[in-house]
*Asks:* 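For reference, the structure I am asking about is given below.
Read the numbers this way: they start at 1 and go in the same order the structure lists the ligands and their atoms.
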Amino acid sequence: MRYISTRGQAPALNFEDVLLAGLATDGGLYVPENLPRFTQEEIASWAGLPYHELAFRVMRPFVTGSIPDADFKKILEQTYGVFSHNAVAPLRQLNGNEWVLELFHGPTLAFKDFALQLLGRLLDYVLEKRGERVVIVGATSGDTGSAAIEGCKHCENVDIFILHPHNRVSEVQRRQMTTIFGENIHNIAIEGNFDDCQEMVKASFADQSFLKGTRLVAVNSINWARIMAQIVYYFHAALQLGGPARSVSFSVPTGNFGDIFAGYLARNMGLPINQLIVATNRNDILHRFMSGNQYVKETLHATLSPSMDIMVSSNFERLLFDLHGRNGAAIAGLMDTFKQGGGFSVEEERWTEARKLFDSLAVDDAQTCETIAEVFAQTGELLDPHTAIGVKAARECRRSLDIPMVILGTAHPVKFPDAVEKAGVGKALELPAHLSDLFERDERCTVLPNDLKAVQAFVSQHGNRGKPL
Ligand SMILES: *Cc1c(COP(=O)(O)O)cnc(C)c1O
């Protein structure tokens, strides 16, 4: 499989190189040159397969030529073997024909484990084969950091540095990062905000001289392997609900358009999906595009669903690329306009094309809390605030009651106690067994000033299993 850039200028890469690449050299994002397509008979024949075996069938075409089947199978079995629920991604019914796909049974209790548990193993496999080591530097406001650290903690060939804003992430989220020890794991608390952290990561990609030749790898949601892993659970859910003979709809809480883009790809690979609902919080750039063809940056608002607090939606470029007939020059032009502070609209036919599949809703904090309370009263299920946004959007935007509606349950409610408390749901939140002693565990973390040079010096001092590069 070959991968091409959405801006049309960077060289095509194979899977192995795309895994190790961040942005393409032309500033674009990598996408498969030709998407695999499965027949209905083929998809139907996968009914009842264990999750890792389904994952093998869905993802195999993407890694062909880079990873032999037997090795890939073994990696997938290990990856999804660490999930605490036997079904890996169980469906729970909320209402007639309405379901939550629980994607929070991984080690860090959010859906990011599906991709990052795999990414860590794939990186280590490929690096071992090449005899190389890499450094990961990532910024997190919460979920990504812990999932990336959990995914890489056993990697022999990766040192991971995760920057979070000092005193500005929740205690559960901080502890999920700082209580994991390993000579290749480095938590850095920056005396600044999340944007400061993210700027440092960007600057480090732009000038990598501080790494003395060691390669820097991205683990944010622009990494193709993360999107790829997320395609699988759309197939998994549909097969449980009568697909592919019957079509299914999905409502997806999203900020960076990563998770929902995976659903769009599943559909293009042959899975009958009737409707995809983009569910955002008050940071609603995606909703403004879907509802009014305006893609314009606005100020950032802190919400009760912090994992979707974004101003710009990085993976949206991948959809724009398809909407523009895969014309890289057109995308480079649009992104230039955007960067210069302007927003943009796309031509009417392109927008109408997107609207055939996508609907959207922006949900504010008050509505999020109302939905948590409502669903708890109706079913006894406690939703996390991101999932609640998905449920609200599903109920408002649904086109057909006959078609099963699946809401992606992106996190366990225990990760977001503020929202649950504000919703007034009188249920004590309990950590799952594997995290029950989280608040007693020792923590390891280095506090650094909001200074790029200090951070880069720290990385080069510790980037080789805790030793200097
Ligand atoms: C990361 C995250 C999201 C948003 O994911 P996208 O990649 O922006 O689609 C939603 N919910 C939770 C709990 C998350 O951690």
*Asks:* Return the closest protein heavy atom for atom 8 (O) of ligand 1 as residue, atom name and distance.
*Replies:* Asn256 N, 2.6 Å
*Asks:* Check Gly22 against Ile222 and note the closest heavy-atom contact, atom names and distance.
*Replies:* C-CD1, 4.0 Å
*Asks:* Where is the nearest protein heavy atom to atom 11 (N) of ligand 1: which residue, which atom, and how far?
*Replies:* Thr410 OG1, 3.0 Å
*Asks:* Check the pair Lys415, Asp143 against salt bridge (Lys or Arg N to Asp or Glu O under 4.0 Å), reporting the backbone distance first and the verdict last.
*Replies:* CA-CA 9 Å; Lys415 292 192 89 164; Asp143 292 340; 3.0 Å; yes
*Asks:* Between His412 and Phe104, how do the two ring planes meet: parallel, tilted or perpendicular, split at 30° and 60°?
*Replies:* perpendicular
*Asks:* Only heavy atoms count here, so choose which of Gly258, Gly263, Ser307 is nearest to atom 7 (O) of ligand 1.
*Replies:* Gly258
*Asks:* If you measure from each non-hydrogen atom of Asp259 to ligand 1, which part falls under 4.0 Å: side chain, backbone, both or neither?
*Replies:* both
*Asks:* Quick one: look at Met308 and ligand 1, take heavy-atom pairs under 4.0 Å, and tell me if it's side chain, backbone, both or neither.
*Replies:* side chain
*Asks:* Please state whether the rings of His105 and His85 are parallel, tilted or perpendicular, taking 30° and 60° as the class boundaries.
*Replies:* tilted
*Asks:* Consider ligand 1: state whether an atom of it lies below 4.0 angstrom from any non-hydrogen atom of Phe111.
*Replies:* yes
*Asks:* Would a line drawn from the ring center of Phe62 to the ring center of Phe72 be shorter than 6.0 Å?
*Replies:* no
*Asks:* What protein heavy atom sits nearest atom 9 (O) of ligand 1, and how far off is it?
*Replies:* Thr254 OG1, 2.7 Å
*Asks:* Should the heavy atoms of other residues, nucleotides or ligands under 6.0 Å from CD of Gln378 be counted, would the total exceed 12?
*Replies:* yes
*Asks:* Tell me which protein heavy atom sits closest to atom 14 (C) of ligand 1, plus the residue, atom name and distance to 0.1 Å.
*Replies:* Lys112 NZ, 2.8 Å
